[in-house]
Number of protein chains: 2
Amino acid sequence: MSGAQRARLAVAGSDRKLGLLQREIGDRAESEKLDLGHLDQHLGYFVRRLQVMIFRDFIRTLAPMTLRPAQYSVLLLIEANPGSSQAAIGRALGIERARLARLLHDLQGRGWIERRAVNGDARSHALFLRAEGSRALARSKKLAVRHEQQLAKFLGAKRWQSLMELMRSFG
Amino acid sequence: MSGAQRARLAVAGSDRKLGLLQREIGDRAESEKLDLGHLDQHLGYFVRRLQVMIFRDFIRTLAPMTLRPAQYSVLLLIEANPGSSQAAIGRALGIERARLARLLHDLQGRGWIERRAVNGDARSHALFLRAEGSRALARSKKLAVRHEQQLAKFLGAKRWQSLMELMRSFG
DNA sequence: TATTGTTATACTCTATAACTATA
DNA sequence: TATAGTTATAGAGTATAACAATA
């Protein structure tokens with residue numbers, strides 16, 4: 001870790017949430033740092049560490065709603081694409097239909113979504129947010145925005161923006 | 001997905017491995033694409049999708065060695081830092097000591113690593129590669145290089161390089 | 001035959017707690 | 001008290017397979 005990064009983290013440490021983010025990245029004494037060896041040639045290593053860090057902060061920030069990343073992403077897609085089938089949602093998010101079935105059962109149990117019969121294909125269920133689900137999602141979005149702000153502050157606004165552009169350019 | 005990306009993927013599709021990578025990203029008909037909604041404001045979503053894609057290709061490419069990403073990273077760190085303790089390896093990679101204990105037991109069962117007593121602290125085990133482990137790691141590295149080449153080709157060399165620089169600049 | 005949704009199983013990874021043996 | 005390592009358990013996520021109903 002560079003001196004500049006440590007300085008930024010020291011400032012970030014004054015915020016409780018960012019303090020937690022700091023600990024996640026593994027802020028050990030310089031003397032204890034091990035050589036990554038060939039690992040620093042692998043994008044997957046860095047992407048995985050970043051992903052774990054981001055998800056931990058997301059889960060912690062969204063804890064008041066008891067909502068995990070996959071659940072949140074499904075709610076957002078139902079909101080943006082009301083009436084979609086499970087198969088369409090699962091394909092769009094890369095979630096196995098078997099897992100999505102259980103996930104939706106949980107959200108239905110909360111009264112947040114409903115499944116309606118579809119005209120023309122008795123196999124499909126059309127997914128919709130219920131009023132309670134819309135309210136819960138609105139509250140969740142506020143927390144998700146806070147999470148994203150924490151992340152941008154931690155990564156640095158410039159680095160966050162660069163990563164977003166690169167990721168979006170790929171899809 | 002842009003037209004340019006589809007064109008590149010069509011070319012990449014001539015390679016068997018890249019063809020698999022292509023399918024992973026969810027290459028559906030344009031008409032079936034759903035709106036991501038607020039999800040495209042979240043870096044975590046893109047990072048997660050990329051990480052899953054990368055790990056799938058890694059696992060598939062390293063299948064001849066039956067080696068998963070976490071196991072490979074541990075072998076690399078032992079190689080680069082012979083004599084390190086489990087605690088040090090775990091902290092460096094962000095692996096819980098409980099999980100690392102089982103992971104190392106597996107690698108020891110293959111005859112790839114050994115644990116030696118440490119002078120001065122009877123609690124610690126010093127970790128080393130055995131000859132068979134070094135040979136296995138050498139073979140694994142060749143496959144890992146192939147994986148990384150496939151990834152760079154799939155992402156585009158420029159995007160791969162930009163991501164690497166951003167990730168390394170953060171640590 | 002293929003697709004939609006469901007249930008079930010196995011495995012990996014994460015998060016804890018409890019325990020021992022050392023320091 | 002704290003640390004190093006181990007064992008155990010619970011939950012999330014992934015990967016399959018099998019099945020019923022429907023196309």
Side-chain angles (χ1 to χ4, degrees), chain A residues 20 23-24 26 28-29 32 44 48-49 51-60 62-63 66-74 83-91 93-108 113 115-127, chain B residues 20 23-24 28-29 32 44 48-49 51-60 62-63 66-74 83-106 108-109 113 115-127:
Chain A
L20 288 168
R23 243 173 290 156
E24 308 243 319
R28 307 295 302 184
E32 202 181 297
R48 172 60 170 170
R49 294 297 299 261
Q51 181 262 308
V52 169
M53 192 264 287
I54 293 175
F55 270 38
R56 276 189 192 148
D57 186 73
F58 183 94
I59 292 166
R60 185 166 49 226
L62 277 280
T66 321
L67 204 59
R68 297 179 65 85
Q71 298 170 311
Y72 179 66
S73 69
V74 167
S84 296
S85 68
Q86 295 185 197
I89 297 286
R91 275 194 298 265
L93 293 175
I95 301 177
E96 277 294 320
R97 57 188 181 158
R99 198 186 145 229
L100 187 57
R102 287 190 298 269
L103 192 156
L104 290 172
H105 188 265
D106 176 289
L107 294 178
Q108 194 170 24
I113 64 165
R115 295 155 158 168
R116 291 186 207 148
V118 156
N119 301 355
D121 192 337
R123 296 173 301 180
S124 279
H125 299 174
L127 301 171
Chain B
L20 288 169
R23 241 173 293 157
E24 309 242 323
R28 309 292 304 182
E32 203 181 299
R48 173 60 170 170
R49 294 298 299 261
Q51 181 262 307
V52 168
M53 192 265 287
I54 294 175
F55 270 37
R56 276 188 191 147
D57 187 72
F58 183 94
I59 293 167
R60 186 166 50 228
L62 276 282
T66 321
L67 206 57
R68 297 178 66 85
Q71 297 170 311
Y72 180 66
S73 69
V74 166
S84 295
S85 67
Q86 297 186 194
I89 297 286
R91 274 193 299 263
L93 293 176
I95 300 177
E96 277 293 319
R97 57 188 182 159
R99 197 184 146 231
L100 187 58
R102 287 191 300 269
L103 192 157
L104 290 171
H105 188 263
D106 176 289
Q108 193 170 26
I113 64 164
R115 297 155 157 168
R116 292 187 207 147
V118 156
N119 301 357
D121 193 335
R123 296 172 302 180
S124 280
H125 299 173
L127 302 171

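Not measured: the values here are computed from a predicted model.
- The shortest non-hydrogen separation linking B:Gly44 to A:Ile54 is CA-CG2, 3.7 Å.
- Nucleotides of DNA chain D that come within less than 4.0 Å of any heavy atom of chain B span, from the 5' end to the 3' end, D:dA2 to D:dA15.
- Between C:dT14 and B:Arg99, a contact under 4.0 Å exists linking OP1 or OP2 to a side-chain N or O.
- With 3.5 Å as the limit, one finds no donor-acceptor pair spanning the side chains of B:Arg68 and B:Gln71.
- You'll find the side chain of B:Val118 stays beyond 4.5 Å of the side chain of B:Ser85, heavy atoms only.
- Between A:Arg102 and C:dT9 there is no side-chain N or O to OP1 or OP2 distance below 4.0 Å.
- A straight line from CD1 of A:Ile89 to P of C:dT4 spans 13 Å, rounded to a whole angstrom.
- For the pair B:Ser85 and A:Gly94, nearest-nucleotide mapping onto DNA chain D gives the more 5' position to B:Ser85.
- Interatomic distance, CD of A:Glu96 versus CG of A:Leu100, reported as 10.0 Å (0.5 Å rounding).
- When the P atom of C:dA15 is taken as reference, atom CG of A:Asp57 falls 13 Å away, rounded to whole Å.
- Whole-Å rounding puts the A:His125 NE2 to C:dT6 C1' distance at 10 Å.
- Rounded to whole Å, the distance from CZ on B:Arg68 to P on C:dC11 is 12 Å.
- Rounding to whole angstrom units, CZ of residue B:Phe55 and C1' of C:dT14 are separated by 14 Å.
- Within the 4.0 angstrom heavy-atom criterion, no nucleotide atom of any strand lies near B:His105.
- Residue B:Gln71 places none of its side-chain N or O atoms closer than 4.0 Å to OP1 or OP2 of C:dT12.
- One atom, CG of B:Leu100, and another, P of C:dT14, lie 12 Å apart when rounded to the nearest Å.
- Place A:Ala122 and A:Ala70 on DNA chain D by their nearest nucleotides, and A:Ala70 ends up nearer the 5' end.
- Distance, B:Glu96 CD to C:dA17 P: 11 Å, rounded to whole Å.
- Rounded to whole Å, atom C1' of C:dG5 lies 11 Å from atom CG of A:Leu127.
- A donor-acceptor contact under 3.5 angstrom links the side chains of A:Gln108 and A:Arg115, judged on distance only.
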task: Start with the C-alpha distance between A:Arg97 and A:Gln86, add both sets of side-chain angles, then the distance that settles side-chain contact (heavy atoms from CB on, under 4.5 Å), and finish with yes or no.
output: CA-CA 7 Å; A:Arg97 57 188 181 158; A:Gln86 295 185 197; 6.0 Å; no
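- A donor-acceptor distance shorter than 3.5 angstrom exists from the side chain of B:Ser73 to the backbone of B:Ala70, with no hydrogens or angles considered.
- Using a 4.0 Å heavy-atom cutoff across all strands shown, A:Gln86 reaches sugar-phosphate atoms only and no base atom.
- When each of A:Arg123 and B:Pro69 is assigned the nucleotide of DNA chain C bearing its nearest heavy atom, the one mapping closer to the 5' terminus is A:Arg123.
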